[in-house]
Structure formats: structure tokens, C-alpha cells
S.K.: 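Below are the C-alpha cells for one structure; questions will follow.
Per chain, numbering begins at 1; letters A, B, ... match sequence-line order.
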Amino acid sequence: MQGNEACVEGAIAAGMRFYAGYPITPSTEIAEQCALRLPQVGGRFIQMEDELASMAAVLGASATGVKAMTATSGPGFSLKQENIGYGCLAEIPCVVVDVQRSGPSTGLPTSPSQGDYMQARWGTHGDHPVIALTPSSVQETYRLIIRAFNLSEKYRTPVIFLMDEIVGHMREGVTLPRPDELIINKRHISYHDGANKQCYAVPEGKFVPAMKAFGQGERYNITGLAHDVSGFPTNNNAVAGALYTRLMEKIGRNLDDIVRVEEYMLDDADTAVVCFGGTARAVMSAVEQARAEGMKVGMFRPVTVWPFPEAQLRARLPGLKRVLMVEHNYGQMLLEVQRVAAERLPVGFLGRIDGTVIPPADILNKLREMEGRENAQ
Amino acid sequence: MRYEMRFSGSGGQGVILASVIVAEAAVAAGLEAVQSQAYGPEARGGLCRAETILGREKIWYTKVIQPSFLLALTQDSLDKYAQNLAPDAVVMADASLSLPACVDPARALMLPILATARDKVGKVMTANIVAVGAVNKALGLFDEAALTEGVRRHIPAGTEELNWKALAEGAALVTDEQAALFRRSL
């Protein structure tokens, strides 16, 4: 199965029943597969006139109570940003898949890249919460997109599923779990709250309001303006400040629940190679080759790429002598790694932006170079 | 053990599908397989390559580093990808092409793949299936059941006979002596 297909099958298993999109390489197979599969499971597929409208349709569908998704790549991801912000502020759950390709602009449409890492965090304007997840295999794509929907529903926020061309366009064997093995979060819906109309009131002990299905009885307001608990716009700075703070903290205070990493051979390692997504395939190979040469190398792979797994990386630093960041861009996650590690350890970097894939030999050479340079000092 | 295969030609010739079929046949035969491709923005024409990596253990790196097998259906793809081959690599190319000097003719199979698809099977577009039949006969990768399963998943209903004929005609292009010479056990 192809990575893009696994994305669709996992999304359907998670309960996704609405897809709106505008096809773009290397995400096109996601639209194709949704067009084929959604009618078979009672869902709806619609090809919109562009990416802006696709994102708006996804928000609208989700507001009515349906789990909704869209998929795109670089140029389309740029176009979706304004409405992603709307989803963040209005707290509308949805999953936005970005199968990254080489850019900026139309760039190299069929070539791999991880250049949208920072855009996934800061693409839409203003302070806003972001959850972004990145798979590194076809198998992981299936399970992780389910987690993307679960987190989206739980925290009522758009979740970015930040794939790359390497995994999206790759085919490999997949074992699909039985439906009863999967944990699927259902949307917590409340239909009536009496005369108060407090559709954005947060129940005691919760971090998000219960979601009302728009159009199923009770009238309420959804807006991209700062709003009070009634959902109507407000210019009250205290109310707006409390809203924005709650949006940030619903993610920031639940990092233990949201952040996941994969660690490989790190327990005795003096060197951690940090990577995410498809890059991990070359890193795993390089780690095994380096181990065969007697180098103590391990891999640290953020699966939750936003929020960056700061605590998890920090916990590894005392055992390490150096960190190497490997990514298919000019140094984006590198900035996060430097923020966490650079005061204590040398942080090396291996990046690539020519549309080709970093081979294990380049990583191995960089590891030898870093170790050799320190030994020479 | 990691066996790297590259399939190349012009966009629209079906080399990506050929590599997918080989990968799925491998999975049907109980092997590990990873398949990927690289192509330009054009829907038709343009250099196109696809890669399938086979093995018995988990395959980490998903791209071909130095292929042990190359299929080339156009001169451009043959000239380009013949430059970087593993020492024992087998090259299979259409008989209408000329083999670059860097390839040992003893390790090359120049087969009339395109002509066979056009004249014997009766449809040029079956060239990729003809090639798959020839590849499997030459390398002896899978039994017939795994190979036909790989093909069956990707052909429209009603075209089965045409495709089985393409597979058989492809296999017939490779002699038993050649197959014995190039056989590859995984």
C-alpha cells in the first residue's frame, strides 16, 4: 500500500466521512482514494474550486458534526493558512494533510522536501496552538492519522498531518489492525444548554467547550473574531485575553498527552541523530552502519513534531556528547534542537534542498567528521 | 540482503506500474519490499524512474543507492542510469537501444520488449507487463502464483487474457540459458 493510501484508510477508520480538496502532487492520491472510498462508507467527497474553498468546506462540514479532512502540498498549504487560523480560533476539529514537496512556490512538484516544518507551526498569523504529527513509514501513517483525528477531536483544533513525499509516494507492506484494536475518540457533543446559549463555555475540569453540531436544532454563532462564551464577537480585552490564553494552554498544559517520540538505541549512545518523517529511513540505516563501526549512535525522532518534544530531548542530553540534525530543508527543526541543546552540546547539521533524498552514507560521513573533529581538538 | 532494482523509461510507458507489480509480487511471496518513484511534472514523456527494493529483513532506506538490476525502455534512461550500477548488475533494455560502453554486454539482456508488445501481444501499452514477465524469467524472483497476483491487482477486469499473454511473451524472450546465468536468489 502507498503512504497516501494508508493515510486515507486510516482516516476512514478514524471516522472521517467528509473530504474537500484540490488535488496537488504529491498528495493527489489522497484525493483520488477519498473520491473512491468515501461513497463506499456513506461519506462525501467534493473537489472544490481551490484550496481556500477546500479548507472552508472542511471547517463547515466539521462544524455540523462530521469528521473532516483535506490534503494538499506546499502551494496549497500556503493557501489554506488563513482558514486554518479560523479553525484554531473557532475551535473546529479537522485534519489538514500536507504532503511536503520541494519549494517555495511550485518548486519541484514531484521531489521530496521537509521545508514546511516551520510553516506548519507559524503558517497562519497570530499566536495559536498547533499540533503537527509526522509518520516515517506507510504502516505508521495508518495509525498516526487516527491519532491525528483523536487529538483534533479531544482538543478541538485543526491537526496538521505533516507528511513528506518520501512516505506519501512510497509503497510497502502494511498490516492493518482489526477495527476493535483501534481507539477512536468520538466527538463530545452537547445539543442543548437551556437558555444560556453558552456554546463556548468550558465545563469545569475540561479544557475545551463541548461541541454542538451546527444546524441540528440549536442556533449559535461561530466567528473568526475574538468571542465570548456565547460565540458572539467581543472587544472586551479581558475576555479576548482569556480566550487566547486558554487556546494556547489547552495544548501547552497537555504535552504529556500530545507529544510522542521514537527513540532508537539511545540508552548507551553518545551521539543522537535527530530527524523526522521519511528522513528517519536513511537515519535508521546509518545508525546501524555506525554501530557496526563501533560508534555509539542512536536516533531521536519526534513523531509529534509540533509542539517540539523539548522535554524528551532535554532528558537525553546528560548522556550525550553531540547531536546531529538531519532534515530535508535548510535548517528548520535545527532551530528547535539548537534552542534545547546548543548550550550544552555541539549541534551538527546535515540538510538537503535539491529535491533528492539524503543517503545513509552522507549521514555516516557527517558522524565520522563530527567525532573526528572533536577527537582532533 | 538488500536487492535494489531500477525501472526506467519515458513517462506513460508504465515503468512505475512494473515496479509496483514486482513489489507486490514480492509481498505475495512473503518478502519485504519498498517501492518508490521519481518523475517530472509532465503526465506523458519525460524521464521516469521507479525503484523497488527487495529483501528478507526490514528495509530502512527506501531509495536505490546502486542498483543490481536496471530495466531501460528508452535510450535516455539507459544512458543515464547505466552510469551507476552495482558491479554484478544485470541490465535489461529494449533491443532497439544501443548499450553504453560502460555496461558489460555479457551482463546485458537486449530484448525486443516494445516490438513484442506491439506485434505479438497486439497492444504497445502492455510493454510493461511484457517486461515484468521477462524480468521474472531472467532473475527467477517469484513463483508464477505470486507474479500473477501482483499483475492481477492492477489490471482492469476483462484484460486478464491480454495480460497473461503479455507475461508469457515476456518470459519467452529470455532463454533458459540466460535465466540460469542471471538467476538471483533472495
S.K.: Given heavy-atom pairs under 4.5 angstrom as the criterion, report whether the side chain, backbone, both or neither of B:Ala23 touches chain A.
M.R.: neither
S.K.: Is it the case that the side chains of B:Gln178 and B:Thr175 hold a donor-acceptor pair, with the cut-off being a distance below 3.5 Å and no angle test?
M.R.: yes
S.K.: Answer with side chain, backbone, both or neither: which region of B:Ile59 has an atom nearer than 4.5 Å to a non-hydrogen atom of chain A?
M.R.: backbone
S.K.: If we define contacts as heavy-atom pairs under 4.5 Å, which of A:Thr25, A:Thr106, A:Thr110, A:Ile166 has the most with chain B?
M.R.: A:Thr110
S.K.: If we only count heavy atoms from C-beta on, is the A:Asp164 to A:His328 side-chain gap below 4.5 Å?
M.R.: no
S.K.: Using distance alone, with no hydrogens and no angle criterion, decide if A:Gln289 and A:Ser285 have a side-chain donor and acceptor under 3.5 Å apart.
M.R.: yes
S.K.: Go through B:Ala33, B:Ser36, B:Ala38 and name the one with the most non-hydrogen pairs under 4.5 angstrom from chain A.
M.R.: B:Ala33
S.K.: Passes ring-ring contact (aromatic ring centres under 6.0 Å, His included), A:Tyr264 versus A:Phe300? Steps please.
M.R.: CA-CA 7 Å; A:Tyr264 180 66; A:Phe300 181 90; over 10 Å; no
S.K.: Above 12 or not: heavy atoms from other molecules or residues under 6.0 Å from CZ of B:Arg56?
M.R.: no
S.K.: Side chain from CB out, backbone as N, CA, C, O: work out which of these in A:Ile358 comes under 4.5 Å of a heavy atom of chain B, or both, or neither.
M.R.: backbone
